[in-house]
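Right, one structure below, let's go through it.
Order of the sequence lines sets the chain letters (A, B, ...), proteins ahead of strands, with each chain counted from 1.
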Amino acid sequence: MIDFVRFDYGGEFDFGFKGYVVFGDKTEKNVQGCIVRADTIKDLRAKLRNVSGFVGVMSERAEVNRYAVMRKKVDAILDFPERKLDYNIFKLAREKDVLIELSLSNLLSAEGRKMIKLAHELRTTFRVIRKFDSPFILTSGAGSIHGMRPRNQIYKLFSFFGADVRRAEHWSERLYRRFFDEKYIMDGVELV
Amino acid sequence: MKLLPPSLRKRKRYIAFEIISARPVEPEKVREALSTSLLKLYGEFGSPEFRLIEFRDGKGMLMCFHDELEKVKIALTLIKKINNQDVIPVILGVAGTIKSCRRKYLEVLRNANSTDGI
């Protein structure tokens, strides 16, 4: 079970995750993730040339996210309040095996009408994810320790909005094995 | 209404929880934060009832009805600040009676020491 965070977390409290991917600050204890922020496709293409490792894309525009899903270098589409996704992205994410992040920090930051809109969007997102069986990951997406919550609580919260928690655990476990299990190559193929 | 017979009474659940914060938090503020969170999430008509049974040293127990357990858990998870300070609410567990909740989740932690391996 893996969590995506935006700061270097040393594991002071046990939140129930086996590992963390740190996007941003340099880390020695956890997996280093690399954020690519792009406004245009051209910008994204240029930035992707210089990055390596576990790559997450952040973009406010749906066409940039759609292009990102199709690139081999991209591992995840990261969540943030202004992110825009469309129907095709979920379909492509399944084909290209790109994780779609859904983070708790987004819910924590929303209030009032924003929260109502976000709740509607989340319910739709989970319906589309269920339809295409797209890879997705439920994370805290925390920018500080105060944004973190235990894994069970995060999963419980998203299941209220219609998330298939078992499937989320499957994708998360798969990612964990990709990072830490030397015998794992891909689904159904591993060294014996 | 007069006291209902046991078969008609709603079943209760007791949630043991912990509030991790830099400074100590008062029980009244915890109650306030939770009821605000519930009202924000579910509104006046859908908001579940709850009662704060105890809260000391950052750990506490609250009562709710069994069919509203998930709602209370979600509202508790979404609490960000209590009395203008950032907090992390952690649900320790759920039990059916006050006694078992205290024994399983609160006393174990209060009496814990490293020699027990806890």
| request: Looking only at non-hydrogen atoms, find the nearest pair between A:L108 and B:T77 and report the distance. | output: CD2-O, 4.3 Å

| message | Atom CD of residue position B:E49 - does it have more than 12 heavy atoms of other residues, nucleotides or ligands inside 6.0 Å? | response | no

| said: Could you measure the distance from the CG atom of B:L78 to the CZ atom of A:R149? Nearest 0.5 Å is fine. | reply: 7.5 Å

| said: Just checking A:H170: does its NE2 atom have more than 12 heavy atoms from other residues, nucleotides or ligands closer to it than 6.0 angstrom? | reply: yes

| query | For A:H146 and B:V87, what are the C-alpha separation, side-chain angles and deciding distance, and is it a side-chain contact (heavy atoms from CB on, under 4.5 Å)? | reply | CA-CA 6 Å; A:H146 298 291; B:V87 294; over 6 Å; no

| query | So which part of A:I145 gets closer than 4.5 Å to some heavy atom of chain B, the side chain, the backbone, both or neither? | reply | both

| message | Ignoring hydrogens, what is the shortest heavy-atom contact between A:Q153 and B:V90? Give both atom names and the distance. | response | OE1-CA, 3.4 Å

| message | Is there a path of hydrophobic side-chain contacts, each under 4.5 Å between heavy atoms of I/L/V/M/F/W/Y residues, joining B:L41 to B:F65? | response | no

| note | Rounded to the nearest 0.5 Å, the CD1 atom of B:I91 sits from the CG atom of A:N152 at a distance of 9.0 Å

| said: Can you tell me which portion of A:M148 sits under 4.5 Å from chain B's heavy atoms? Options are side chain, backbone, both or neither. | reply: backbone

| request: With a 4.5 angstrom heavy-atom cut-off, could you sort out which part of B:K73 is near chain A: side chain, backbone, both or neither? | output: side chain

| field | Where A:P150 and B:P89 come nearest, the two heavy atoms and their spacing | value | CD-O, 4.2 Å

| task | Can you establish whether the number of heavy atoms outside B:K80 located under 6.0 Å from its atom NZ is more than 12? | result | yes

| Separation between CD1 of B:I88 and CZ of A:F15, rounded to the nearest 0.5 Å | 4.5 Å

| message | Under 4.5 Å between side-chain heavy atoms, counting indirect links through other Ile/Leu/Val/Met/Phe/Trp/Tyr residues: same cluster for B:L39 and B:F50 or not? | response | no

| Does A:K47 NZ have over 12 foreign heavy atoms under 6.0 Å away? | yes

| Portion of B:I79 that has a non-hydrogen atom of chain A nearer than 4.5 angstrom | backbone

| note | CD1 of B:I20 to CD of A:E12, rounded to nearest 0.5 Å, is 11.0 Å

| query | Just wondering, are more than 12 heavy atoms of other shown residues or ligands nearer than 6.0 Å to CZ in A:R123? | reply | yes

| request: Give a yes or no on whether A:F161 and A:I116 share a hydrophobic cluster (residues Ile, Leu, Val, Met, Phe, Trp, Tyr; joining criterion: side-chain heavy atoms under 4.5 Å apart). | output: no

